[in-house]
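Below is one structure, written out as structure tokens; comments come after it.
Fair warning: this is a prediction, and the values are worked out from it, not measured in the lab. Only heavy atoms go into these numbers, but all of them, side chains included; no hydrogens, no water, no symmetry mates. Just so you know, residue 1 is the first one in the sequence shown, and it goes up from there.
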Amino acid sequence: AEVKDDDGNLITYDMYYGGTTQTEDSRLDITGISAYRQAYRNTAYIAFTFPTTLQVSAGVPNVTATIAGKLCRPLTDLTAGTPVYTRNPAVIMADFAINVKKYAAANIDTTTFQALETYCNAIPTGGILSRYKLDYAFIGGSIADAQAIIESAFLGRLIRSQGTYKIVYE
């Protein structure tokens, strides 16, 4: 893909989403080092090419990216809702349950997930930030490891009870 900077210079980039078989971008120029190629599997990244200009003339440019969160459907409509970026661990856990664990959306007890969503978004007395957010880059590991990381973000567990998947916390 490509975009233009403020001066009209062309910047090219490729996005990598962290697949298990993806290899490094050709811009990394590490031919012959096969062990290094695997370092980029399961890692989402963007590779840029900047033109040489007065602003970018030597060395490696400093690029800052702000991650908006995980793209998930809202808890009010897990099957057809418009996905939005979130850092809320309740919403991310519901997405994980459906898209990674392959649980049917109909078997998700949205009441417990919504209660946790509200709890996570709440600002504690005297605080200025919401109670819980999930800021973690998943790089490899097992499904069980990923679930444990998400659960640790809200101090709770995903359980199955009477045929539905529920959240218990604190």
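- The side-chain heavy atoms of Ile128 and Ile123, taken from C-beta on, include no pair separated by under 4.5 Å.
- A donor-acceptor contact shorter than 3.5 Å is absent between the side chain of Asp109 and the backbone of Thr164.
- Considering only heavy atoms from C-beta on, Phe113 comes within 4.5 Å of Met93 through its side chain.
- If you chain together hydrophobic residues whose side chains sit under 4.5 Å apart, Phe96 and Leu71 never meet in one group.
- Judged purely by atom type and a 3.5 angstrom limit, Lys102 uses its side chain to pair as donor or acceptor with the backbone of Asn99.
- By the rule that hydrophobic residues join a cluster once side-chain heavy atoms approach within less than 4.5 Å of another member, Val91 and Val100 end up as members of one cluster.
- Tracing side-chain contacts under 4.5 Å through hydrophobic residues (I, L, V, M, F, W, Y), one never reaches Val168 starting from Ile108; they form parts of separate clusters.
- Among all heavy-atom pairs drawn from Ala47 and Tyr16, the shortest one is CB-CE1, 4.4 Å.
- Taking 4.5 Å as the limit, every side-chain heavy atom of Thr12 sits out of range of all side-chain heavy atoms of Phe48.
- Under the 4.0 Å criterion applied to side-chain N and carboxylate O atoms, Asp135 and Arg87 are assigned as salt-bridge partners.
- Looking at Asn121 and Arg131, their side chains never come closer than 4.5 Å, going by heavy atoms from C-beta outward.
- The two residues Cys72 and Thr86 have their closest heavy-atom pair at SG-CG2, 3.9 Å.
- Contact annotation: the side chain of Thr110 approaches that of Leu78 to within less than 4.5 Å [non-hydrogen atoms, C-beta and beyond].
- To the nearest 0.5 Å, atom OG1 of residue Thr112 and atom CG of residue Leu75 are 9.0 Å apart.
- Closest heavy-atom contact between Phe154 and Pro89: CD2-CB, 3.7 Å.
- Side-chain heavy atoms closer than 4.5 Å link hydrophobic residues (I, L, V, M, F, W, Y) into clusters, and following such links, possibly through other members, connects Val3 to Met15.
- Taking NZ from Lys101 and CD1 from Ile143, the interatomic distance works out to 6.5 Å, rounded to the nearest 0.5 Å.
- Contact annotation: the side chain of Tyr103 never approaches that of Arg160 to less than 4.5 Å [non-hydrogen atoms, C-beta and beyond].
- A donor-acceptor pair shorter than 3.5 Å can be found between the side chains of Ser142 and Asp145.
- Not one N or O on the side chain of Arg73 forms a donor-acceptor pair closer than 3.5 Å with the backbone of Pro83.
- Shortest non-hydrogen contact noted between Glu2 and Tyr13 is N-CE2, 4.0 Å.
- Separating the NZ atom in Lys4 from the CD1 atom in Ile11 is a distance of 11.0 Å, to the nearest 0.5 Å.
- Taking hydrophobic clusters as Ile, Leu, Val, Met, Phe, Trp and Tyr residues chained together by side-chain heavy-atom distances below 4.5 Å, Ile92 shares a cluster with Leu155.
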Take Glu170 and Tyr119 through the side-chain hydrogen bond (donor to acceptor under 3.5 Å, both in side chains) test and state the conclusion after the steps.
CA-CA 10 Å; Glu170 291 195 56; Tyr119 183 72; 2.9 Å; yes
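- Residues Asp95 and Lys70 have side chains in contact (heavy-atom distance under 4.5 Å, counting atoms from C-beta outward).
- Residues Asp14 and Ile46 fail the side-chain proximity criterion, which asks for heavy atoms closer than 4.5 Å.
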Walk me through it: do Thr76 and Gln114 pass the test side chain to side chain contact (heavy atoms under 4.5 Å, CB included)?
CA-CA 8 Å; Thr76 54; Gln114 288 170 335; 3.6 Å; yes
Run the side chain to side chain contact (heavy atoms under 4.5 Å, CB included) check on Leu116 and Thr118 step by step: do they pass?
CA-CA 5 Å; Leu116 177 60; Thr118 300; over 6 Å; no
